[in-house]
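So the structure is just underneath, and the comments pick up after that.
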Amino acid sequence: MPRTPAFPFTEHDLARFRETQQLAYHCAEQVAAWIEPGVTERQATAKLRRCLVAAGVQDFFHVPFAWFGDRTAFRHFHTPLQFFAGNRRLEEGMPYVLDCAPVVDGYTADIGYGGKVGENPVWDRLAADLQVYRELILAEVRARKPLNEVYAAVDAQIEVHGYDNRHRVYPGRVIGHQVTRMTARGPAGVNLFGFGVRTLQTLGRELIGERLHGRSPLWADGRSSRHAPTPGLWAVEPHIGFREVGIKFEELLVVTEDDAYWLDDDLPHVRRWTTAVTATTPTAPTATPTATTPTPTATTPTPTTAAITTPTTATDDAPTPATAQETTR
């Protein structure tokens, strides 16, 4: 049995990865605040790139992406070229996904930000249900399940919800990939087929090195992922869809020799779930004290986290998601 490699990063390294991830999400939120009906995918990616460069980004793991409308669910995608931003214009009620992977001083982040313009009840429900996948993936990785089995567990949960697995449309059907500090010496800011030249150099080196040990830096559902999670950082991106609506999050997962945890919980999708729980938690009435009546103590119920549903046999007809109560920006 191959020896488990040691965790390769220091606390300083993790802090720098966290800073880069926060920078990426901050720029995505800036674009989300600016975006409006009539904006094209190409305009959104250009805006996102300018924001990242102005914030100090020197290179990209891959170029920024933006998908609007049914393209958020990768409907009718047949070639990798269809992932690149096009002339699709945002309309009222449309969902959108922003994806960027900046590199700062070699520290890489890869994030996915989902949003909508106006009202979209289907998006509301999918956005709320994403929390289940974040909890499920962490629990499975902590149990040291082989990566392909974690992938299968996510698939099973998607069927329970009545959604579609859309990360299988990515090249290699990946739900995630390892992230490391870029040390390649190729030209910064130059990309080939959407990936930075330094990225391709680093990925090529990692693919060869990991394959020699029976592992892969790409997390999918095939034979190459039949191994326990390799210690390090993984960019994880469960992508779900229902009809014309797709959504995902993407963030860094820390995997040590004996544990796992999300690098940062102060992220837009996590804050959205926390706000939703707070908004739906009932507040106990406060009694007015008097001179003769003691003040009763009210206990506020503690909210529970989203439950991971035990998979059942999926049917061909997907149920229509119920409307969630989230305030549209």
Side-chain angles (χ1 to χ4, degrees), residues 24-49 51 64-78 82-100 111-134 158 160-170 237-251 267-280 306 317-329:
Y25 265 111
H26 176 69
C27 286
E29 287 184 298
Q30 283 190 290
V31 173
W34 163 84
I35 212 166
E36 62 183 4
V39 170
T40 67
E41 291 177 346
R42 288 179 179 172
Q43 290 172 326
T45 55
K47 176 80 171 178
L48 184 53
R49 186 185 187 97
C51 179
F65 295 106
W67 305 300
F68 295 171
D70 65 347
R71 283 172 51 79
T72 60
F74 299 155
R75 300 303 181 193
H76 314 298
F77 276 38
H78 304 293
Q82 290 176 283
F83 287 98
F84 292 103
N87 291 319
R88 172 69 62 88
R89 290 189 181 276
L90 199 61
E91 299 176 7
E92 189 71 18
M94 266 191 180
Y96 62 85
V97 172
L98 305 174
D99 187 315
C100 64
I111 68 104
Y113 180 97
K116 61 178 180 173
V117 172
E119 296 297 325
N120 191 315
V122 174
W123 185 95
D124 292 340
R125 182 57 185 269
L126 267 68
D129 284 342
L130 268 181
Q131 182 178 5
V132 174
Y133 299 92
R134 191 176 192 261
I158 290 173
V160 169
H161 276 144
Y163 301 147
D164 298 326
N165 172 344
R166 304 319 295 159
H167 44 264
R168 67 183 179 188
V169 183
Y170 290 119
E237 51 182 331
H239 195 145
I240 59 176
F242 184 81
R243 296 177 182 169
E244 309 303 307
V245 178
I247 189 173
K248 73 169 184 173
F249 67 78
E250 185 173 11
E251 58 175 298
L267 300 178
H269 47 283
V270 181
R271 292 196 296 267
R272 182 172 63 238
W273 298 327
T274 303
T275 299
V277 169
T278 303
T280 57
D317 296 324
T320 302
T323 303
Q325 297 178 353
E326 180 189 357
T327 303
T328 307
R329 65 166 183 80

From [X] [atom1] over to [Y] [atom2], what is the distance, rounded to the nearest 0.5 angstrom?
X	Y	atom1	atom2	result
T72	E244	OG1	CD	8.5 Å
H269	R134	NE2	CZ	5.0 Å
M94	W123	CE	CH2	15.5 Å
H239	R168	NE2	CZ	12.0 Å

Review point. Are R166 and F77 close enough, and set up right, to give a side chain to side chain contact (heavy atoms under 4.5 Å, CB included), and what steps lead you there?
Key: CA-CA 11 Å; R166 304 319 295 159; F77 276 38; over 6 Å; no
Exercise for review: Classify the angle between the aromatic ring planes of F65 and W67 as parallel (below 30°), tilted (30 to 60°) or perpendicular (above 60°).
Suggested key: parallel
Check your understanding: Parallel, tilted or perpendicular for F74 and Y170, by the 30°/60° rule?
Key -> perpendicular
Exercise for review: Output yes when a side-chain donor or acceptor of Q82 lies under 3.5 Å from a complementary backbone atom of H76, and no otherwise.
Suggested key: yes
Review point. Taking Y113 for the side chain and K248 for the main chain, is one N or O donor matched with an acceptor at less than 3.5 Å?
Key: no
Of the non-hydrogen atoms in [X] and [Y], which two are nearest, and what is the gap between them?
X	Y	value
A44	L98	CB-CD2, 4.5 Å
T40	G86	CB-O, 4.2 Å
A32	Y96	CB-OH, 3.2 Å
F242	G162	CD1-O, 3.6 Å
A24	I111	CB-CG1, 3.7 Å

Is the shortest side-chain heavy-atom distance between [X] and [Y] below 4.5 Å?
X	Y	result
Y163	D129	yes
K47	V39	no
D164	R75	yes
L90	E36	no
D124	K116	yes
W273	L130	yes
E250	D99	yes

Between [options], which is the residue that forms a side-chain contact (heavy atoms from CB on, under 4.5 Å) with [X]?
X	options	answer
C51	C100, C27, P64	C27
F68	V97, V117, I35	I35
I240	V245, N165, I158	I158

Practice item. Please test R42 against N87 for side chain to side chain contact (heavy atoms under 4.5 Å, CB included), starting from the C-alpha separation and ending with a verdict. Key: CA-CA 6 Å; R42 288 179 179 172; N87 291 319; 3.5 Å; yes
**Study point:** Residue among R88, R71, R89 satisfying salt bridge (Lys or Arg N to Asp or Glu O under 4.0 Å) with E41
**Key:** R71
Exercise for review: Could you please spell out the steps behind the side chain to side chain contact (heavy atoms under 4.5 Å, CB included) verdict for T45 and F84?
Suggested key: CA-CA 10 Å; T45 55; F84 292 103; over 6 Å; no
Check your understanding: Any chance the rings of Y133 and H161 have centres within less than 6.0 Å?
Key -> yes
